[in-house]
Amino acid sequence: MNPNVWLFRPLPHGTNQMKYFLDNNRVAVGYPVGENLENALTSHISSLLVKNKMSEGYNNLLAVVKPDIIKINDFLVVPDDNKKDIYICQVMSNYIYEAALDVNEEGSGFPHQRAVKWFFNKEPLVRLELPEQLRASLRYPGAIADLSKHYDVIIELVKGESVEGRSSLEEKALQIIEQYLDSEDPMLRLRAAEIILNKK
(Lines give C-alpha, C1' and ligand atoms only; values in the text may rest on other atoms or scores of the structure.)
Protein backbone atom coordinates (compact mmCIF):
# COMPACT_ATOMS: atom_id res chain seq x y z
CA MET A 1 0.00 0.00 0.00
CA ASN A 2 1.31 3.45 -0.91
CA PRO A 3 2.03 6.06 1.75
CA ASN A 4 -0.50 8.88 2.09
CA VAL A 5 0.13 12.53 1.23
CA TRP A 6 -0.93 15.37 3.53
CA LEU A 7 -1.12 19.12 3.42
CA PHE A 8 0.58 20.37 6.60
CA ARG A 9 0.72 24.11 7.31
CA PRO A 10 3.68 25.51 9.31
CA LEU A 11 1.54 27.75 11.53
CA PRO A 12 1.26 25.95 14.88
CA HIS A 13 -0.33 28.09 17.57
CA GLY A 14 -0.72 30.96 15.12
CA THR A 15 2.90 31.70 14.25
CA ASN A 16 4.95 30.68 11.22
CA GLN A 17 7.47 28.03 12.32
CA MET A 18 8.84 27.06 8.89
CA LYS A 19 12.40 27.87 10.02
CA TYR A 20 11.98 25.73 13.16
CA PHE A 21 10.56 22.90 11.04
CA LEU A 22 13.54 22.98 8.67
CA ASP A 23 16.24 23.54 11.30
CA ASN A 24 14.98 20.74 13.56
CA ASN A 25 13.69 18.24 10.97
CA ARG A 26 10.29 18.40 12.63
CA VAL A 27 6.70 19.37 11.92
CA ALA A 28 4.28 20.30 14.67
CA VAL A 29 0.80 21.42 15.62
CA GLY A 30 -0.11 23.78 18.45
CA TYR A 31 -2.71 23.15 21.16
CA PRO A 32 -0.58 23.48 24.32
CA VAL A 33 -2.72 21.56 26.82
CA GLY A 34 0.02 20.80 29.36
CA GLU A 35 0.31 17.06 28.74
CA ASN A 36 2.16 14.42 26.78
CA LEU A 37 -0.62 12.84 24.73
CA GLU A 38 1.21 9.74 23.54
CA ASN A 39 -1.00 7.30 25.43
CA ALA A 40 -4.04 9.54 25.88
CA LEU A 41 -7.50 8.32 24.94
CA THR A 42 -9.27 10.34 22.25
CA SER A 43 -11.98 11.26 24.77
CA HIS A 44 -9.33 12.70 27.11
CA ILE A 45 -7.76 14.69 24.26
CA SER A 46 -11.18 16.06 23.39
CA SER A 47 -11.90 17.13 26.97
CA LEU A 48 -8.47 18.81 27.28
CA LEU A 49 -9.12 20.82 24.12
CA VAL A 50 -12.60 21.86 25.32
CA LYS A 51 -11.16 22.93 28.69
CA ASN A 52 -8.50 25.04 26.91
CA LYS A 53 -11.00 26.47 24.36
CA MET A 54 -9.18 24.76 21.48
CA SER A 55 -11.78 22.19 20.45
CA GLU A 56 -11.55 23.21 16.78
CA GLY A 57 -8.10 21.57 16.71
CA TYR A 58 -9.29 18.05 17.57
CA ASN A 59 -8.75 16.47 14.13
CA ASN A 60 -5.39 18.22 13.58
CA LEU A 61 -4.08 17.12 16.97
CA LEU A 62 -5.24 13.53 16.52
CA ALA A 63 -3.52 13.37 13.11
CA VAL A 64 -0.15 14.08 14.76
CA VAL A 65 -0.69 12.15 18.01
CA LYS A 66 -2.19 8.93 16.63
CA PRO A 67 0.13 6.69 14.54
CA ASP A 68 -2.72 5.35 12.41
CA ILE A 69 -3.67 8.71 10.84
CA ILE A 70 -0.44 10.34 9.69
CA LYS A 71 1.88 7.34 9.44
CA ILE A 72 5.64 6.86 9.20
CA ASN A 73 6.71 7.20 5.52
CA ASP A 74 3.73 9.42 4.64
CA PHE A 75 4.56 12.53 2.63
CA LEU A 76 3.82 16.06 3.80
CA VAL A 77 3.41 19.05 1.50
CA VAL A 78 4.25 22.12 3.58
CA PRO A 79 3.37 25.48 1.99
CA ASP A 80 5.22 28.39 3.56
CA ASP A 81 3.09 31.36 4.55
CA ASN A 82 4.74 33.53 1.89
CA LYS A 83 2.38 31.97 -0.74
CA LYS A 84 5.42 31.14 -2.90
CA ASP A 85 7.54 28.37 -1.38
CA ILE A 86 6.45 24.74 -1.04
CA TYR A 87 8.48 22.18 0.94
CA ILE A 88 8.07 18.40 0.81
CA CYS A 89 9.11 15.97 3.52
CA GLN A 90 8.56 12.39 4.61
CA VAL A 91 7.44 11.41 8.11
CA MET A 92 10.14 9.49 10.01
CA SER A 93 8.64 9.05 13.49
CA ASN A 94 5.47 8.65 15.48
CA TYR A 95 4.38 11.32 17.98
CA ILE A 96 7.06 13.28 19.84
CA TYR A 97 6.25 15.52 22.81
CA GLU A 98 8.41 18.61 23.42
CA ALA A 99 7.54 19.70 26.98
CA ALA A 100 9.52 22.96 26.75
CA LEU A 101 7.18 24.15 23.99
CA ASP A 102 3.98 23.29 25.87
CA VAL A 103 3.31 26.90 26.88
CA ASN A 104 0.43 29.06 25.72
CA GLU A 105 2.33 32.03 24.37
CA GLU A 106 3.08 33.55 20.98
CA GLY A 107 6.08 32.01 19.22
CA SER A 108 5.77 28.79 21.23
CA GLY A 109 2.92 26.44 22.07
CA PHE A 110 3.62 23.65 19.57
CA PRO A 111 4.75 20.64 21.62
CA HIS A 112 3.07 17.97 19.48
CA GLN A 113 5.55 16.97 16.80
CA ARG A 114 6.80 14.42 14.29
CA ALA A 115 10.34 13.95 12.99
CA VAL A 116 10.65 14.32 9.21
CA LYS A 117 13.17 14.09 6.40
CA TRP A 118 13.13 17.06 4.02
CA PHE A 119 13.65 16.61 0.30
CA PHE A 120 15.70 18.83 -2.05
CA ASN A 121 18.26 19.72 0.66
CA LYS A 122 15.54 21.70 2.45
CA GLU A 123 15.17 23.99 -0.56
CA PRO A 124 11.63 25.01 -1.56
CA LEU A 125 9.78 24.28 -4.77
CA VAL A 126 8.07 27.26 -6.41
CA ARG A 127 4.31 27.05 -6.00
CA LEU A 128 3.60 28.40 -9.49
CA GLU A 129 5.67 25.62 -11.06
CA LEU A 130 3.59 22.84 -9.48
CA PRO A 131 0.80 21.09 -11.42
CA GLU A 132 -2.45 23.09 -11.28
CA GLN A 133 -4.44 20.29 -9.59
CA LEU A 134 -1.98 20.19 -6.69
CA ARG A 135 -1.93 24.00 -6.46
CA ALA A 136 -5.71 23.99 -6.26
CA SER A 137 -5.65 21.53 -3.35
CA LEU A 138 -3.15 23.72 -1.50
CA ARG A 139 -5.79 26.46 -1.34
CA TYR A 140 -7.64 24.44 1.31
CA PRO A 141 -7.61 26.77 4.35
CA GLY A 142 -7.21 24.13 7.09
CA ALA A 143 -3.99 23.16 8.87
CA ILE A 144 -3.95 19.49 7.77
CA ALA A 145 -5.72 17.80 4.86
CA ASP A 146 -5.47 14.50 2.98
CA LEU A 147 -3.84 15.04 -0.44
CA SER A 148 -3.33 11.35 -1.24
CA LYS A 149 -5.03 11.76 -4.62
CA HIS A 150 -1.83 13.61 -5.61
CA TYR A 151 0.45 10.70 -4.63
CA ASP A 152 1.71 10.15 -8.21
CA VAL A 153 2.51 13.86 -8.59
CA ILE A 154 4.48 13.89 -5.31
CA ILE A 155 6.41 10.74 -6.25
CA GLU A 156 7.25 12.31 -9.62
CA LEU A 157 8.49 15.47 -7.85
CA VAL A 158 10.74 13.59 -5.41
CA LYS A 159 11.95 11.06 -8.01
CA GLY A 160 15.70 10.58 -7.62
CA GLU A 161 15.54 11.53 -3.95
CA SER A 162 15.89 8.86 -1.24
CA VAL A 163 12.34 7.74 -0.48
CA GLU A 164 11.50 5.45 2.44
CA GLY A 165 8.86 2.74 2.31
CA ARG A 166 8.73 1.89 -1.37
CA SER A 167 6.17 -0.79 -2.09
CA SER A 168 7.50 -4.33 -1.84
CA LEU A 169 6.78 -4.90 -5.55
CA GLU A 170 8.89 -1.90 -6.48
CA GLU A 171 11.69 -3.13 -4.23
CA LYS A 172 11.62 -6.59 -5.84
CA ALA A 173 11.71 -5.06 -9.33
CA LEU A 174 14.69 -2.89 -8.41
CA GLN A 175 16.53 -5.88 -6.95
CA ILE A 176 16.04 -7.82 -10.20
CA ILE A 177 17.29 -4.88 -12.26
CA GLU A 178 20.36 -4.59 -10.01
CA GLN A 179 21.07 -8.31 -10.51
CA TYR A 180 20.86 -7.84 -14.27
CA LEU A 181 23.59 -5.18 -14.05
CA ASP A 182 25.97 -8.01 -13.01
CA SER A 183 24.71 -10.46 -15.63
CA GLU A 184 27.15 -12.14 -18.02
CA ASP A 185 24.67 -11.41 -20.82
CA PRO A 186 25.63 -7.98 -22.25
CA MET A 187 22.07 -7.41 -23.55
CA LEU A 188 20.65 -7.87 -20.06
CA ARG A 189 23.24 -5.49 -18.61
CA LEU A 190 22.42 -2.91 -21.28
CA ARG A 191 18.66 -3.22 -20.69
CA ALA A 192 19.07 -2.86 -16.91
CA ALA A 193 21.23 0.24 -17.43
CA GLU A 194 18.57 1.73 -19.75
CA ILE A 195 15.81 1.14 -17.19
CA ILE A 196 17.83 2.80 -14.43
CA LEU A 197 18.75 5.79 -16.59
CA ASN A 198 15.12 6.24 -17.63
CA LYS A 199 14.06 6.32 -13.96
CA LYS A 200 16.19 9.37 -13.28
Side-chain angles (χ1 to χ4, degrees), residues 1-30 56-57 59-96 110 112-171 173-174 194-200:
M1 199 144 131
N2 290 331
N4 290 321
V5 179
W6 302 88
L7 166 69
F8 200 108
R9 296 197 184 280
L11 304 169
H13 208 50
T15 55
N16 188 333
Q17 295 296 337
M18 194 71 240
K19 185 176 187 309
Y20 176 94
F21 282 18
L22 292 168
D23 288 349
N24 295 279
N25 297 313
R26 295 283 180 89
V27 295
V29 291
E56 78 289 342
N59 288 333
N60 296 333
L61 187 52
L62 277 197
V64 171
V65 171
K66 298 299 180 186
D68 57 344
I69 302 177
I70 293 179
K71 302 181 181 73
I72 292 174
N73 293 329
D74 280 0
F75 294 95
L76 306 180
V77 180
V78 185
D80 201 351
D81 207 28
N82 63 13
K83 306 283 191 284
K84 177 172 69 77
D85 296 334
I86 305 290
Y87 296 86
I88 299 177
C89 63
Q90 194 167 22
V91 178
M92 304 306 288
S93 79
N94 287 325
Y95 173 70
I96 296 168
F110 51 100
H112 313 294
Q113 305 194 359
R114 295 289 192 95
V116 298
K117 176 181 74 178
W118 296 99
F119 294 111
F120 315 115
N121 294 316
K122 302 186 180 181
E123 292 297 320
L125 302 175
V126 178
R127 190 182 192 123
L128 287 173
E129 294 175 0
L130 297 175
E132 170 54 32
Q133 283 181 312
L134 177 56
R135 291 207 312 270
S137 292
L138 295 178
R139 294 185 194 115
Y140 173 79
I144 296 175
D146 189 340
L147 300 184
S148 296
K149 65 181 181 181
H150 299 297
Y151 173 78
D152 290 341
V153 171
I154 297 303
I155 287 297
E156 190 63 28
L157 286 170
V158 301
K159 192 165 67 174
E161 297 272 323
S162 174
V163 175
E164 304 296 331
R166 278 197 186 102
S167 73
S168 56
L169 274 179
E170 196 175 350
E171 286 294 349
L174 287 170
E194 284 173 351
I195 291 168
I196 288 167
L197 290 172
N198 285 334
K199 276 182 68 67
K200 293 213 180 275

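Because the structure is predicted, anything quoted here is derived from the model rather than measured. For reference, positions follow the sequence shown, starting with 1.
- Of the options Asp81, Asp80, Val29, a side-chain contact (heavy atoms from CB on, under 4.5 Å) to Leu11 is made by Asp81 and by none of the others.
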Output, in order, the C-alpha distance, side-chain angles, deciding distance and verdict of side-chain contact (heavy atoms from CB on, under 4.5 Å) for Leu130 and Val153. CA-CA 9 Å; Leu130 297 175; Val153 171; over 6 Å; no
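- The closest side-chain heavy-atom distance from Leu147 to Asn4 is not below 4.5 Å.
- Within the 4.5 Å cutoff, the side chain of Pro79 has heavy atoms near those of the Ile86 side chain.
- Looking only at side-chain heavy atoms (C-beta outward), Asp85 and Leu125 stay at 4.5 Å or farther from each other.
- A search for side chain to side chain contact (heavy atoms under 4.5 Å, CB included) contacts involving Asp23 returns Lys19, not counting sequence neighbours.
- Rounding to the nearest 0.5 Å gives a distance of 10.5 Å between CZ of Arg26 and CZ of Phe110.
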Could you please spell out the steps behind the side-chain contact (heavy atoms from CB on, under 4.5 Å) verdict for Ile96 and Arg114? CA-CA 6 Å; Ile96 296 168; Arg114 295 289 192 95; 5.9 Å; no
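- Contact between Ser93 and Ala115 at its shortest, heavy atoms only, is OG-N, 2.9 Å.
- For Glu132, the salt bridge (Lys or Arg N to Asp or Glu O under 4.0 Å) criterion is met by Arg135, Arg139, not counting sequence neighbours.
- Taking the side chain as every heavy atom from C-beta outward, Val77 and Val5 approach each other to under 4.5 Å.
- Distance check: Ile88 CD1 to Leu157 CG gives 5.0 Å after rounding to the nearest 0.5 Å.
- Separating the CD1 atom in Ile144 from the CD1 atom in Ile69 is a distance of 9.0 Å, to the nearest 0.5 Å.
- Looking at His150 and Gln133, their side chains come closer than 4.5 Å, going by heavy atoms from C-beta outward.
- Side-chain contact between Phe8 and Ile70 is present, with at least one heavy-atom pair separated by less than 4.5 Å.
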Given side-chain contact (heavy atoms from CB on, under 4.5 Å), test Asn73 with Gln90 step by step and report yes or no. CA-CA 6 Å; Asn73 293 329; Gln90 194 167 22; 3.9 Å; yes
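- Shown here are the side chain to side chain donor-acceptor pair (under 3.5 Å) partners of Asn94, two or more places apart in sequence or in another chain: there are none.
- Contact record, Gln113 with Ala28: CG-CB, 3.5 Å, taken as the closest heavy-atom pair.
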Quiz: residues 59-68 side-chain donor-acceptor pairs under 3.5 angstrom, not counting sequence neighbours:
residue	atom	partner	partner atom	Å
Asn60	ND2	Tyr31	OH	3.1
Lys66	NZ	Ala40	O	2.7

Report the C-alpha distance between Trp6 and Val91 in whole Å, list the side-chain angles of each, state the deciding distance to 0.1 Å, and finish with yes or no for side-chain contact (heavy atoms from CB on, under 4.5 Å). CA-CA 10 Å; Trp6 302 88; Val91 178; over 6 Å; no
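- Using a 4.5 Å cut-off on side-chain heavy atoms (C-beta onward), Pro12 and Gln17 make contact.
- Sorted by first and then second residue, the salt bridge (Lys or Arg N to Asp or Glu O under 4.0 Å) pairs involving residues 141-153 (not counting sequence neighbours) form an empty list.
- Among residues two or more places apart in sequence or in another chain, the ring pair (Phe, Tyr, Trp, His ring centres under 6.0 Å) test is passed with Tyr87 by none.
- Taking 4.5 Å as the limit, every side-chain heavy atom of Phe75 sits out of range of all side-chain heavy atoms of Ser148.
- Partners of Asn24 under the side chain to side chain donor-acceptor pair (under 3.5 Å) rule, at least two apart in sequence or in another chain, do not exist in this structure.
- Here side-chain hydrogen bond (donor to acceptor under 3.5 Å, both in side chains) pairs that include residues 118-131, with residues two or more places apart or in two chains, are Asn25-Lys122.
- If you take CG on Asn82 and CG on Asn16, they are separated by 8.0 Å, rounding to the nearest 0.5 Å.
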